[in-house]
Each structure stands twice: as C-alpha cells, then as structure tokens.
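Right, one structure below, let's go through it.
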Number of protein chains: 2
Amino acid sequence: MSRVTIADVASAAGVSKTAVSFAFNNPERLGQATLERVLGVAHDLGYAPHPAARALSTRRSGTIGVLIPQRLSTVFANPFVSELIQGLGELCEEHDLAMLLVPPLDGSLETAIRHASVDGFISLGLTPDDRALEVIESLGTPAVLIDSEDSSDHPVVNVDDAGGAAAAANHLLALGHRHVAILVLPPARAQMGYTPTANRRLAGYNAAIEAAGAAPPLTVTAGISVAAGMRAFDSLPNGRNRPTGLLAMSDMTAVGVLSAAQTAGLRVPIDLSVVGFDDLPLAAWTNPPLTTVRQPIVDKGRIAARMLIERMNGRAVDSPAPLKTTLVVRASTSEAGNPDLPNAGR
Amino acid sequence: MSRVTIADVASAAGVSKTAVSFAFNNPERLGQATLERVLGVAHDLGYAPHPAARALSTRRSGTIGVLIPQRLSTVFANPFVSELIQGLGELCEEHDLAMLLVPPLDGSLETAIRHASVDGFISLGLTPDDRALEVIESLGTPAVLIDSEDSSDHPVVNVDDAGGAAAAANHLLALGHRHVAILVLPPARAQMGYTPTANRRLAGYNAAIEAAGAAPPLTVTAGISVAAGMRAFDSLPNGRNRPTGLLAMSDMTAVGVLSAAQTAGLRVPIDLSVVGFDDLPLAAWTNPPLTTVRQPIVDKGRIAARMLIERMNGRAVDSPAPLKTTLVVRASTSEAGNPDLPNAGR
DNA sequence: ACCGCACGATAAACCGCTTTACTAAAACGG
DNA sequence: CCGTTTTAGTAAAGCGGTTTATCGTGCGGT
C-alpha cells in the first residue's frame, strides 16, 4: 500500500536510482533507450517523487506562503483577499508553484512561519518591524510585502493610498459636505498601531479636509466587515450632529454602513453619502451602488508574486512605484443635504 | 547565512542530535537539566526543525490540500470558496494544520496532486470517478469530497441540493410563474458531464415543475460569475417568450442576471423574478436583495475538515446526511406579471 | 596497437530530522 | 553487596530523493 519510491522504479527498470532521477531532472544525461524505458516504467508504476524528499534534497519546495495576519475565518470574510489570491494564483500557476496559506499557529505567526515549507513569503499588511519579518529574515527566506511601508529588507508593493483617500475626501467636499466622519481600519494584529495602509489613508483624508478648511473629521475605528460597518454607523452621533458624509477605508465596512443607515430610515445618498475603498466587485451591485476608491488588487497580487519569484531565483528587485488608485463615482454619494432640515428619524 | 540545523543546536548544547530531537518531541525521555539547557540553546539560536526534513522522516506534513478544480483566478472569483475556506480554516487552526491550495499544474490536477506534500485532500465538486481521485487513491492519502456523489472510497459531505432546488422552483410556481428558465452550472472540468451538484439541483427544479404541471423549463448553461449571468440573460428569448422566472444555480450568476435585466430596462421582480443559490453574504445587499436557497457553506467546510482530520488519524468516518438547505425569500421574486401585457423593451 | 575521449551509467555522500535499538550509570530490592 | 531495573543519553539506520565524482566502454585518430 505504501507509496512507490524511486528505488522501486529503478529495480523495475533494471537501472540505478541515479538513472531514474536523471530521467526526470536531467534527461540529456541518459541514453535514448534507457530514458524511454525508465520513463515508461515510472509511468506504469504511477511513480512521482516524494515532495518532502525532493524538497529536502533540492532545498526547494515549489511553494509560496501567504502570511495571513489573523484567523482565516476573519481574513477570508473580506473579498479583498480573494482578489489578491487571484492575482497571486495567476503567477503561481504560470510558474508551477503551489500556494500555502499560513495563518497564526496557536496565535503566533512566528511559529507558523517556522513550520512552513515554502520558498518565499508574501505578507499582507505587516509593518516592516513586525517580529514575524525578523523570523523570515533569520530563515533567509525571500519575502515581498504587500500594503506595508518601505523597508530596506524586503521589497514592498503598495498603492497610492493617500492619493485615493484624498480623492475620496475631495469628492465629498466638492459635493458640499462639511461634516464628515472617517471610519478607520483597526490594527492588523493585537497591540500594534494602525496598519501602514490605514495610516496613509487617514493622512490622505485629513490633508484634503484640512486643505478645504472643513471641520476636523470625527474618526471611528471600524473593522473590515459588514457587521463592523453597521456598528460604526450606530455609534455615530445622532440628529444634527450626524455627519452627512462618511469615508470608509473598506468597501465591506461601507456596505455595513449602507445597510445600517437604510434600516435606520436614512436615504442614501440623500441623507447620507458614503464612499468606500477597494472597489471590490460587489461595490457595483450594492444598493445603491457604492462610490469608492478603486485599487488594482489583482494587479497587486500579480506584481508581488512576480517580484517574489524573481527574488526566489536570486535576482534582486526593488519596490515599484505605488500603484494608481482612482475614484469610482457611483450612487452612494450626492450633494450634501441642508443640515437645517430635519433628517429622517432613527 | 544558512539555516540553523539540529546538529548546530546539539553541538552548541553539548549533546547528541537525538537529545535535541527528544527535547521537542519526547521531553520526558530527557533529564530536567538537559531538557532545559537544550531548549534554551535552541531558542537562542532561533532553531526550528526543517519542515521538509521533518515531513520526510515522520511521514506527516501537517498540511491539508484543497483541490481547486480550475484556475485559481476563476475559482476565487466565487465567494463560495472563501466561505468554504473559512470553515476549513477554523478546523485547521484548531489542529495546527496549514492549508495548501492545489490548482491544476499545467492543466493537470493529477500531477498537481502528486506534487503536493499534504496529509489529506479536500476535493470540491469532483465526481467520484474523476481520474484525480484515482491518483489520490494510489497515493494512499485520505480525502473527503465536498459536493460530490456518494462513493465507496471517500466520505462525502453534501447538502440537500434537490430539496433546495425544489423549494426554489415551488416558490416561483406558487407566485404564478408558468414560464421558467433554469440556469445550469457548467461542468467543473473539461469534457465531463454536469457536476453532481448541478445534476441534483436540476433534478429538484424539474421535479417540482413537472409536479406542478407547468411547461418544461428552458435550460441555459451559465458559469458561476456575474459576467456569465449577464450573458445568460442576454441569450434568453425575448418578447412574450421570455421566461418570467429564472432559477439560477449560483448567487453570482443571479447577480449577473439582475444587473443585465435592469440595464435592459426590466424591473426586478415585477417583470422578472430571479432566485439564486448559495445565499452568499452579498445576496443580502444586492439590488434588489436576492431571493435564494441558503446552504450552510461554512458548516460544510467545518464538517469536511473535521472528517478529514479523523481520517488522517486513521479513524474511519462515514458521510453525514445531506445538510439542510432553506429558501430565503428576499425581494428579487414576486407574483408573475400578466404575460399578455407588453413587457418593458430590451 | 595504443592513447585519449566522449558517452552512459552508477556508487555513495548528503539533505535534516526521527526513532529504534543499545549502553553506561544510577537506583533499587533483597 | 550483587543482580536487576530504571534512567539518561547516544549511535546509527532510515525517510526518499539529488548530485558529485568515478568508472567502464567502445570509438576515432595517429
């Protein structure tokens, strides 16, 4: 019942293990006749080299690891990750690589990293000083960071978060909104500051608002989920103090706001304008369709994977310029209503 | 620069490799003093056993493989997979397992399977006679099938597709729809028949329609994507031959229909009722919110993972009864309009 | 007839860890 | 005080491949 090994093939074909190995990895070193015979026997026996043995001896696993900063069930609730994986996946398939999801192992991403048999890591949203990255460093495994800060150690692929955020804020400001609230992303991992991404977006929002001379915005922390968006909406001040425009750092959060606002009896966008971030596919189908900042998530994955593969092949790469973000105006934003009119009740 | 190995730790601690190994895997076989010393040295050196070496020698990789029947970019465009991964992920984290995504390797799932270093496989939507499963068989790796047919070889976790489909069809019929079309899922892999899932749902729809004595439904093949849904809608007969009710086998397809129908000037649900399948989270936010058949996707993942882990530990498990599906009525369905009235144009 | 050289194939070391004997020393029982 | 367990630790044999260095052989050249 046990797996057919290289020795089985060798003896069945009447050659040495070396010959079998060469048949697969170095065919030109074998005579035509034996090559075919070995390959034939191997195929008949259904032989395939044991991945772990191969990995041990070649020091290559043919796998890239994707560091999941939180529990899989929370991270995969955000379609952002799916998009990213589509991009990463494209390159993986192109290069015959498998993809290992690496979530924290009993709470520790560091130990998970140590246990992962991969040739390279993609990290999502970790600050360059995260302990996890030190471990990767000490392992000598190449890595590419997505949504991080420029770091001397690893190349980073980012988008123009600040620019996108500013565009979103300016959009609301141009529509006459003067009372705006920001829904800021929580830290990726416990007891750390905002993620680099959140910081840049926050800066972008604030800069635009300040430049317009509007009131400093209210900021509320809201996770990346519909439920978090609903909670965030509910925690907003009510009545005439309620902001007329909301800047969410994630489409999922924005969807939650949409939903909570409407069940509270508000009309979107008439009573409340909301703009998201990401432009996930679902942003086009929400009710109303979501105005949001588009970032090229799939590209991000593609580019990061391409860079990682380069690094895995020993070539140096440097971080590309931040990818463009663009505001996509749909139907969740409109002119600010007259704040003196009574709003629909809650 | 090279990785710190067990020999390094051994010599640094003045013991044998065996002792170091015992320190981690068999602590009780070491004296208190040496145990602590070894552990200390190992920690200081940042030692972690090489995963491949460990896997080779223990014949365990601490990883489960998820067979992706198509390209990652197409499969992950369907939030269904994200949900499933959330379920699988919960159990993986609980049992300290990593998760390897295994898409076809140059077009062949079989070779991808051979190259995957995993302790077990989860398969999505493969028929029990798929060649891929034979390979798994020959490897002696345990597997659990999701959305397949009962098979003597592997346990299967399914939902009550037929029941759900019948409920959906009956819903439309009860609303007076007599002219209904079915959007059936395409085969999972080239040159194969419908997926087991598609077959069961089709049977459920047809049984209900037949029982109601309604006209045999038009069936159109439509992939699981918004674009496919849009195409499917466009391919429908126009004018008074256009069905008044649509049964989609996936929420994504249904969303595409929603969108295409509305841009064609139809009002949903007045001119066209559509019901999806899955009850993905996004079904609640579409415009209008989608009537759909709910299946417990996350549970499916959880249960499948639990079963696989049991099997990996040598215990036999048998397939559970199909999980319940329930119709969730939202706003994309309503009474059939009078077919004699002119419909809004296309 | 001899030398040198491709060519084809192989033996053996190695990758880094686990685990099965096996041994030396210490504890124990009578 | 001696034989018998226990305890603490080790040497060495795998696990299943890859790869370097080596070895026959048949062949062309002079």
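To find a chain, count down the sequence lines: A is the first, B the second, and so on, and within it residues start at 1.
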With sugar-phosphate meaning primed atoms plus P, OP1 and OP2, does [X] contact a base, only sugar-phosphate, or nothing at under 4.0 Å between heavy atoms?
{"X": "B/Asn25", "result": "sugar-phosphate"}
{"X": "B/Tyr47", "result": "sugar-phosphate"}
{"X": "B/Val20", "result": "nothing"}

Exercise for the section: Assess the side chains of B/Glu90 and B/Gln86: does a donor N or O sit below 3.5 Å from an acceptor N or O? Expected result: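 There is no such pair (donor and acceptor under 3.5 Å, judged by atom type) between the side chains of B/Glu90 and B/Gln86.
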Practice task
Using distance alone, with no hydrogens and no angle criterion, decide if A/Ser151 and A/Asp153 have a side-chain donor and acceptor under 3.5 Å apart.
Solution key: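 No, no side-chain donor-acceptor contact under 3.5 Å.
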Euclidean distance, atom [atom1] of residue [X] to atom [atom2] of [N] [Å, nearest integer]:
{"X": "A/Asp8", "N": "D/dC15", "atom1": "CG", "atom2": "C1'", "result": "13 Å"}
{"X": "B/Arg114", "N": "D/dG17", "atom1": "CZ", "atom2": "P", "result": "13 Å"}
{"X": "A/Arg54", "N": "D/dC15", "atom1": "CZ", "atom2": "C1'", "result": "16 Å"}
{"X": "A/Arg29", "N": "C/dA9", "atom1": "CZ", "atom2": "P", "result": "11 Å"}
{"X": "B/Glu28", "N": "C/dT19", "atom1": "CD", "atom2": "C1'", "result": "13 Å"}
{"X": "A/Leu35", "N": "C/dC7", "atom1": "CG", "atom2": "P", "result": "16 Å"}
{"X": "B/Phe22", "N": "C/dT19", "atom1": "CZ", "atom2": "P", "result": "8 Å"}
{"X": "A/Ile6", "N": "D/dG16", "atom1": "CD1", "atom2": "P", "result": "11 Å"}

Practice task
Tell whether B/Thr18 reaches the base of C/dT19 with its side chain through a donor-acceptor pair below 3.5 angstrom.
Solution key: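 Looking at the base of C/dT19, it does pair with a donor or acceptor on the side chain of B/Thr18 (distance under 3.5 Å).
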[X] vs [N]: side-chain N/O to OP1/OP2 distance below 4.0 Å:
{"X": "A/Ser16", "N": "C/dA9", "result": "no"}
{"X": "A/Ser21", "N": "D/dT18", "result": "yes"}
{"X": "B/Thr34", "N": "D/dG9", "result": "yes"}
{"X": "A/Arg59", "N": "C/dG16", "result": "yes"}
{"X": "A/Ser57", "N": "D/dT19", "result": "no"}

Problem - Whether over 12 other heavy atoms sit under 6.0 Å from A/Arg60 CZ - result: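 Result for CZ/A/Arg60: enclosed.
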Handout entry: Nearest-neighbour nucleotide for the B/Ala53 side chain, C/dC17, C/dA11, D/dG16 considered
Key =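 Within the option list, the nearest is C/dC17.
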Problem - Comparing B/Lys17 and B/Leu56 on DNA chain D - which has the more 5′ nearest nucleotide - result: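 The residue closer to the strand's 5' end, by nearest nucleotide, is B/Lys17.
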Exercise for the section: Please figure out whether B/Thr58 or B/Gln32 has its closest DNA chain D nucleotide nearer the 5' end. Expected result: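 Mapping each residue to its closest nucleotide by heavy atoms, the 5'-most match is B/Gln32.
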